[in-house]
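This is a predicted model, so every value here is computed, not measured. In what follows, every heavy atom counts, from backbone to side chain, and hydrogens, waters and symmetry copies are set aside.
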Amino acid sequence: MTTPFHYPFTVKKDWVDYNGHMNDAEYVRAFSLATDAFMDFIGLDENGRREHSYTIFTLETHTCYLKEAHEGEPLAINSQLLDVDEKRIHQISFMENENGDVIATYEQMLMGIDQNSGRPAPFPEPVERTIHAIYSEDENKAKPKQAGRTIGIRRKK
């Protein structure tokens with residue numbers, strides 16, 4: 001892969017809540033739209049899904065909200081593959097502002113699904129090649145501190 005995944009967008013007026021910044025649900029919407037664009041990027045666009053009778057489902061997500069975003073603000077989502085196997089992708093995506101500040105992260109586990117059976121199945125060969133090409137570039141990157149976090153109240157001992 002020579003071109004890393006990149007999904008630019010702008011905060012829409014109706015994504016802003018009563019606090020004057022992007023609503024938490026809209027962060028997730030933007031990450032979901034970026035996941036759809038990532039599917040296109042790896043060869044599972046509308047034609048790829050039809051040709052292979054294959055799609056991807058989201059199994060689990062974890063969102064970290066780090067900074068506010070405001071109406072009209074240009075943002076972008078980039079991602080890093082943390083792990084892959086024959087039918088799953090463990091990915092973390094970074095929402096960044098124009099200054100390159102990470103304002104939110106979205107960790108997710110994705111599962112490849114055979115649309116004929118409705119069951120998990122290995123990635124189609126051309127998709128698998130693309131995923132592994134991306135992963136070969138990402139596997140030696142540092143694991144972001146938001147990856148693998150659990151939710152809980154920290155207690156002083």
Where is the tightest heavy-atom contact between [X] and [Y], given as atom of each residue plus distance?
| X | Y | answer |
| --- | --- | --- |
| A121 | K87 | O-CB, 3.1 Å |
| T10 | W15 | O-CZ3, 4.4 Å |
| R49 | L44 | NH1-O, 2.8 Å |

Assigning hydrophobic clusters by single linkage (Ile, Leu, Val, Met, Phe, Trp, Tyr; side-chain heavy-atom cutoff under 4.5 Å), is [X] placed with [Y]?
| X | Y | value |
| --- | --- | --- |
| Y54 | M39 | yes |
| M109 | M111 | yes |
| L82 | I77 | no |
| I92 | I134 | no |
| V16 | Y65 | yes |

Test your reading of the model: is there a side-chain donor-acceptor pair from [X] to the backbone of [Y], 3.5 Å cut-off?
| X | Y | result |
| --- | --- | --- |
| S32 | V28 | no |
| Q80 | A142 | yes |
| D17 | N19 | yes |
| D101 | I103 | no |

Shared-cluster residues of I151, by chain and number - hydrophobic side chains joined below 4.5 Å: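 Noted: I151 shares its cluster with no other residue.
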
How long is the straight-line distance from [atom2] of [Y] back to [atom1] of [X], given to the nearest 0.5 Å?
| X | Y | atom1 | atom2 | result |
| --- | --- | --- | --- | --- |
| Q108 | T63 | CD | OG1 | 9.0 Å |
| Q91 | T58 | CD | OG1 | 9.0 Å |
| E107 | Q146 | CD | CD | 9.5 Å |
| F31 | S79 | CZ | OG | 10.5 Å |

How would you list, by chain and number, every residue that makes a side chain to side chain donor-acceptor pair (under 3.5 Å) with E125, sequence neighbours excluded?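 Listed in chain order: R129.
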
Counting C-beta onward and ignoring hydrogens, is there a side-chain heavy-atom pair between S93 and F38 closer than 4.5 Å?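 SC-SC contact between S93 and F38 ruled out.
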
Side chains of T130 and F41: does their closest heavy-atom pair fall under 4.5 Å? no

When you look at F123 and H132, which way does the side chain to side chain contact (heavy atoms under 4.5 Å, CB included) test go after all the steps? CA-CA 11 Å; F123 296 111; H132 281 280; over 6 Å; no

What verdict does the salt bridge (charged side-chain N to carboxylate O under 4.0 Å, His left out) test give for E26 and R29, after you've listed the backbone C-alpha separation in whole Å, the side-chain angles of each residue and the deciding distance to 0.1 Å? CA-CA 5 Å; E26 303 304 339; R29 179 198 307 254; 2.5 Å; yes

Over 60° means perpendicular and under 30° means parallel, so classify the ring planes of Y7 and F5, tilted if in between.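 Parallel: the ring planes of F5 and Y7 meet at under 30°.
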
